[in-house]
Amino acid sequence: MSKIRNMKILEKILNLILRKNKKVDQDAPTISIMKGYKLMWPFIKKYLWLTILGIILTVPVGTLDALIALFLKPFMDNVMVDKQEELASNVPFIIVGFVIVQGIFIYTSTLVNSYVAGKITYDLKRRLYIKLLKMDCGFFDKNDSGMVIFRFYNDAEMATNGLINNFKLFLTKFLSTLSLVCVLIYNSWQLSCAAIGVLLFLIIPLRIVRKRINIIMKKTVMEGAFILTLYNETSAGNRIIRSFTLEDTMMSKFKYSAKFLFGMGMKMVRDTNWLSPMMHVVSAIGVAIVIWYGGHLIVTQQITSGTFVSFLAALIMLYTPLKSIGNNYVQIQTSILAVERIYQMIDTPTMAEEESNSKKELKTLEGVNSSLEFKDVSFGYNSEKMVLEKLNFKIAKGQKVALVGNSGGGKTTVCSLIPRLYEICSGQILIDGCDIRDFSIESLRKNISVVFQDNFLFTGTIRQNILMGNPEATEEELREACKNACLDEFLAKLPQGIDTPIGEKGILLSGGQKQRVAIARAFIKNAPLVILDEATSALDNKSEKIVQEALDNLMKNKTVIVIAHRLSTIIDSDKIMVINDGQIVESGSHDELLASDGAYSALYKSQFKKTSEQS
């Protein structure tokens, strides 16, 4: 295919220019333009025929420059020297005709290439967003929001802008250069050797620039991600910033990052933009040599004046794009780094992808029919420290089990492992005697409803947030969920009722109202296993009473795991397990644990004492 052949020619030329020079760059990674395009090929091939059409339309744009230069030879010899009046009168029409034809091809090729570039950009962002949705929770634990935005959105823009959008420009210059070199050789091979030989001086500067781009971009990406995080924190934490008068602190962080990015931007200009002035110097030297040597050839009658003018015009047209190659080269190298970062993300394995790629036949979980069991389960967020060590317990269907204990003891971790938000290091988690890894992740999570301490609500209305639990729910089911979540009276007071917008993260709702919306979301999902992760600990007494009533409704006829800070809310549990430092130190009913006078008894008496003192 013409596209592949053109790219191979490009690769040979660029490999010559970018040939490894150990004195200049011993440690920089091998990054080639062809590698960037090969990585983008899965996205380009979908629009192969349109891409080829864009290339075909680009060919005349580059080659017409050579025709204009070639036309100057007969013009000089026949008009300027031989005074042919008929040709002289036709010259203006010929020039205008050339420009019109070239303009039509430029417009059409730009239209086609922009369409292809836009579609590829969309596909790339879509692929990255799908990947983002599949990323494991551990990824978000290690990367802040700024890094996520930079790697999954900014890199996509950077990659397509540099590689796809510059492809037309790069190809136009390549074809123009190729055709102009042919004109040079046609007019005079002696002058061509002198003119093209000067270009060899460009090899080392391009190698130096490439190394410096790599170093600067790595630092810029890290700080660019941090400043995005800073913007997110300023937006989400605006009340804290004002309450604690943190404006100066946040401003100092911003100034540091902004100054660092400014410094990196100036370093990029300082370390790379000298390339364009050097191109001007090299071009001037080439033109000077051609004029000096060309004058000698004219005097000795080895070439005509027309030949010399045609050669000189072709040479100037050849050197003109080379003068700006520095800027294009920086953009393309920056884009290649972005493409490599994108593929680092795409190639990161996730549980969901490993499951889909596995040949293992997975079961579909259809409810909890007998029990949930942890069998010798060990887990750590990193390999250095285990949070849970050989944990064993069993919960029968329909039981309400409470997890209590000191902070950091592993209670939330236990609940995070059940829906496979994290993968256990060893042991088994069994539902009805089957390892949860034998069930598809989708069917497993459809059977679990979770209400967190700080529930995340999405931008939109109350209706939209509740229906995320079950988008297919009927109006009757929606009303029933709101009633059971004790939302009906609150909604009746709102002018727009259930269709009231709640702002980003539910900012327009109180803590108790957000909890009840989350409970309604869990209600409408109607999962057989319910996990409550300190769902009332952040509420005042009045809000807690209402939310607790909603939770009691939610827990009816369900298998329930409750993480509780306030022990008064879990007294009626069938079983209470005290988890400290990743181990179950006590287990039993409220009365049994009080009678044993152990860790639970001490914790309960401590809370009871505080309550008595406050009252």
Side-chain angles (χ1 to χ4, degrees), residues 362-377 379 388 390-405 410-422 424 427-452 469-470 473 477 480-481 484-485 518-536 548-564 567 569-579 584 586-593 600:
L362 297 171
K363 303 175 183 177
T364 299
L365 180 61
E366 297 178 355
V368 179
N369 299 311
S370 61
S371 64
L372 167 69
E373 182 180 3
F374 272 53
K375 194 172 183 180
D376 292 327
V377 171
F379 172 79
L388 304 177
K390 294 188 177 299
L391 198 66
N392 289 278
F393 66 83
K394 191 171 186 178
I395 301 172
K397 176 185 177 181
Q399 274 192 322
K400 177 184 176 182
V401 175
L403 306 181
V404 300
K411 302 184 297 296
T412 297
T413 300
V414 168
C415 294
S416 298
L417 296 178
I418 297 170
R420 290 186 68 189
L421 300 182
Y422 300 91
I424 61 175
Q428 288 181 301
I429 300 175
L430 308 171
I431 292 181
D432 299 337
C434 294
D435 195 309
I436 60 171
R437 288 169 291 193
D438 293 335
F439 298 112
S440 67
I441 292 178
E442 182 180 6
S443 70
L444 172 67
R445 292 174 181 170
K446 280 185 176 180
N447 282 272
I448 302 171
S449 288
V450 185
V451 180
F452 297 98
N470 179 12
E477 289 172 331
E480 188 69 18
N484 286 325
I519 293 168
R521 184 167 61 191
F523 253 115
I524 210 164
K525 187 176 183 181
N526 195 28
L529 177 59
V530 175
I531 297 174
L532 306 177
D533 188 354
E534 300 199 52
T536 63
Q548 189 60 52
E549 182 182 347
L551 291 173
D552 290 339
N553 292 334
L554 176 62
M555 291 185 285
K556 288 177 182 177
N557 303 316
K558 300 287 194 300
T559 303
V560 182
I561 300 175
V562 183
I563 297 175
L567 302 185
T569 62
I570 50 96
I571 291 175
D572 63 338
S573 298
D574 298 303
K575 183 190 295 184
I576 299 172
M577 294 188 294
V578 182
I579 300 180
I584 297 176
E586 276 188 322
S587 178
S589 67
H590 171 73
D591 293 335
E592 290 171 345
L593 292 177
Y600 177 80

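Only heavy atoms go into these numbers, but all of them, side chains included; no hydrogens, no water, no symmetry mates.
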Side-chain touch [X]/[Y], heavy atoms, less than 4.5 angstrom:
X      : Y      : value
Ile395 : Thr559 : yes
Arg437 : Gln428 : yes
Leu362 : Phe439 : no
Leu388 : Val414 : yes
Ile561 : Leu372 : yes
Ser370 : Lys397 : no
Asn526 : Asn470 : no
Leu529 : Ile418 : yes

Taking the side chain from [X] and the backbone from [Y], do they hold a donor-acceptor pair closer than 3.5 Å?
X      : Y      : answer
Arg521 : Gly469 : no
Asp376 : Gly427 : no
Asp438 : Cys434 : no
Ser573 : Ile576 : no
Ser443 : Leu365 : yes
Asp574 : Gln399 : no

Quick one: closest heavy-atom pair of [X] and [Y], and the distance?
X      : Y      : answer
Ser371 : Val368 : O-CG1, 4.0 Å
Ala564 : Thr569 : CB-OG1, 4.0 Å
Arg420 : Ile436 : CG-CD1, 3.5 Å
Ala522 : Val451 : CB-CG2, 3.9 Å
Lys375 : Leu430 : CD-CD1, 4.2 Å
Ser449 : Ala527 : OG-CB, 3.3 Å

> Under the side-chain contact (heavy atoms from CB on, under 4.5 Å) criterion, do Val401 and Lys394 qualify, and how do the steps go?
Replying inline: CA-CA 10 Å; Val401 175; Lys394 191 171 186 178; over 6 Å; no
From [X] [atom1] over to [Y] [atom2], what is the distance, rounded to the nearest 0.5 angstrom?
X      : Y      : atom1 : atom2 : value
Leu403 : Ile579 : CG    : CD1   : 4.5 Å
Asn553 : Lys558 : CG    : NZ    : 10.5 Å
Leu593 : Ser587 : CG    : OG    : 7.0 Å
Ile531 : Cys415 : CD1   : SG    : 5.0 Å
Ile431 : Leu444 : CD1   : CG    : 5.5 Å
Glu549 : Leu554 : CD    : CG    : 13.0 Å

>> Could you walk me through whether Leu567 and Val404 satisfy the side-chain contact (heavy atoms from CB on, under 4.5 Å) test, starting with their C-alpha distance in whole Å, then the side-chain angles of each, then the deciding distance to 0.1 Å, before giving a yes or no?
In response: CA-CA 8 Å; Leu567 302 185; Val404 300; 3.6 Å; yes
> Could you walk me through whether Ile584 and Val578 pass the side-chain contact (heavy atoms from CB on, under 4.5 Å) check?
Replying inline: CA-CA 6 Å; Ile584 297 176; Val578 182; over 6 Å; no
> Can Phe523 and Glu477 be said to form a side-chain contact (heavy atoms from CB on, under 4.5 Å), step by step?
Replying inline: CA-CA 9 Å; Phe523 253 115; Glu477 289 172 331; over 6 Å; no
>> Classify the ring geometry of Phe374 against Phe393: parallel below 30°, tilted from 30° to 60°, perpendicular beyond 60°.
In response: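 The arrangement is parallel - the two ring planes meet at less than 30°.
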> Any chance CG of Asp572 has more than 12 other-residue heavy atoms, nucleotides or ligands included, within less than 6.0 Å?
Replying inline: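 Yes, the 6.0 Å shell around CG holds more than 12 heavy atoms from other groups.
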